[in-house]
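In listed order, ligands and their atoms are each counted from 1.
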Amino acid sequence: MDLFQHSINVILENQHSEGAYIASPSFETYHFCWLRDGSFIAYSMDKAGQFASAEAFYRWVGRVITRYATKVDVLEGMLGRGEKPDYTAILNTRFSLEGFEEERGDDGEWGNFQVDGYGSWLWGLAEHVKMTGDRSLLFELIDPIKTTVRYLQMVWQLPNYDCWEEHPEYLHPYSLASIYGGLKAVSEFADIPLLTESARQAAVLAGEVKHFLKQFAIQDGRFSKHLFPAQKGQPVKPVLNSGVDASLLGLALPYAVFDLIDPAVSVTIQAIEKDLHLPGGGVYRYKEDVYYGGGEWILLTAWLGWYYVLTGKKDQAREMLKWIESTAAENGDLAEQVNVHLLAPDHFEPWVEKWGQVASPLLWSHAMTIILQKAIDVMSL
Ligand code: BGC
């Protein structure tokens, strides 16, 4: 089984004709396109030379943001009046494949307030432009790019759900890093006349976000998972008992708020290795994870492997890939998580009863595996 080729096939076969990537075709709850998953999936397609697929995704995002852009005006009004924004004012984290807000089952409207995907898509789009050398897509997407910068300016300091769709009461360094990555990318488009002003604003804001993270997100030498937002005269401060989370990798890779060799990155990686990487196995999200019993996540294992490649730890990177390959189903499909060594075994069955078997294939798992494989290939040249 050629896992690399199978991963490309799974992604292409599950891309909607309008460009959206379904999170997982076999799992009813994931029959949406998330901006977070989608941006990494599109990035992997670019890495695999499937530029048309990535381009179709970015066009789809552009149409969706344009469709809901007036919500940003509503948001501006609500914030101006000192009101707490509601679902009429936030841009959703996920959309139907046709590009509409459409919620099913018990998904609350507020679960949709997650800001990271709006940074991720800008970051991914800029990577696409760099990899293809074709800037024409930027001209097409000027309005949604501007809308996103304006939106991020308004929401970046508001508490919202994290990338695991939890803890809406906090700010999350991972999400802020995504915002930084997206804004930094836009700041480099200043020479495109219609984007000059947004690029300038993005540069200023990216600087503020970076400063904010340096000032508040490091505790005991490593990154915190959550921060208390500033409230009623109380300054922002880290949530001390929040433990390490594997998504904190994002602060260095790919969003580059901090260098790969920054001491805070190294100390965070050590904590991830110690607390979340099962020796000889995969990577957990965080210690208290109970979702499907809290298994090892394939996409996070690939993400750590990607970090290993870029820091010259070739053997460790290959080990990650080997473990991922060992988890593939007979047809090559990769699941969201592997439920053999669970952190909270009692929680496994209740989730199966609620939503069915663990999502497989998960497109984001396949995407991260492509990214890791490509990074290893480049390292081996
Ligand atoms: C994860 C999200 C992800 C979504 C779709 C959720 O369970 O927490 O990070 O975007 O699934 O894959």
Fill in the blank from the handout: Counting heavy atoms under 4.0 Å, the part of S24 that contacts ligand 1 is neither
Problem - Side chain, backbone, both or neither: R94 near ligand 1, heavy atoms under 4.0 Å - result: neither
Problem - Side-chain ion pair, K322 and E325, N-O less than 4.0 Å - result: no
Problem - Option nearest atom 4 (C) of ligand 1 (shortest heavy-atom distance, choices Y291, Y292, W34) - result: W34
Practice task
State whether the shortest distance between N or O atoms of D37 and N or O atoms of ligand 1 falls below 3.5 angstrom.
Solution key: yes
Exercise for the section: Inspect the contact between E18 and R63 and indicate whether a charged nitrogen and a carboxylate oxygen are less than 4.0 angstrom apart. Expected result: yes
Pair up each side-chain donor or acceptor in residues 305-315 with any protein partner under 3.5 Å, not counting sequence neighbours, and list the distances.
| from | atom 1 | to | atom 2 | distance (Å) |
| --- | --- | --- | --- | --- |
| Y308 | OH | E273 | OE2 | 2.5 |
| T311 | OG1 | Y307 | O | 2.8 |
| T311 | OG1 | Y308 | O | 3.3 |

Can you give me every donor-acceptor pair (side chain of residues 368-375, partner residue at least two apart or in another chain, under 3.5 Å) with its distance?
| from | atom 1 | to | atom 2 | distance (Å) |
| --- | --- | --- | --- | --- |
| T369 | OG1 | S365 | O | 2.8 |
| Q373 | NE2 | D377 | OD1 | 3.0 |

Handout entry: Option with minimal heavy-atom separation from atom 7 (O) of ligand 1, where the choices are Y30, W164, Y161
Key = Y30
Problem - ligand 1 atoms in contact with R285 (distance to a heavy atom under 4.0 Å) - result: 8 (O)
Exercise for the section: Flag the pair Y170 / F228 as yes when their ring centroid distance falls below 6.0 Å, and as no otherwise. Expected result: yes
Practice task
Would you check the N or O atoms of A23, main chain and side chain alike, for any that come under 3.5 Å of an N or O of ligand 1?
Solution key: no
Exercise for the section: Mark yes or no: R67 above the aromatic ring of F100, with NZ or CZ under 6.0 Å from the six-membered ring centre and no more than 45 degrees from the axis. Expected result: yes
Problem - Nearest neighbour in protein (non-hydrogen) for atom 2 (C) of ligand 1 - result: C163 O, 3.4 Å
Problem - Verdict with reasoning, W297 to W164, per ring pair (Phe, Tyr, Trp, His ring centres under 6.0 Å) - result: CA-CA 12 Å; W297 278 52; W164 308 134; 5.2 Å; yes
Practice task
Run the numbers for me: atoms of ligand 1, each under 4.0 Å from some heavy atom of W364, listed by number.
Solution key: 9 (O)
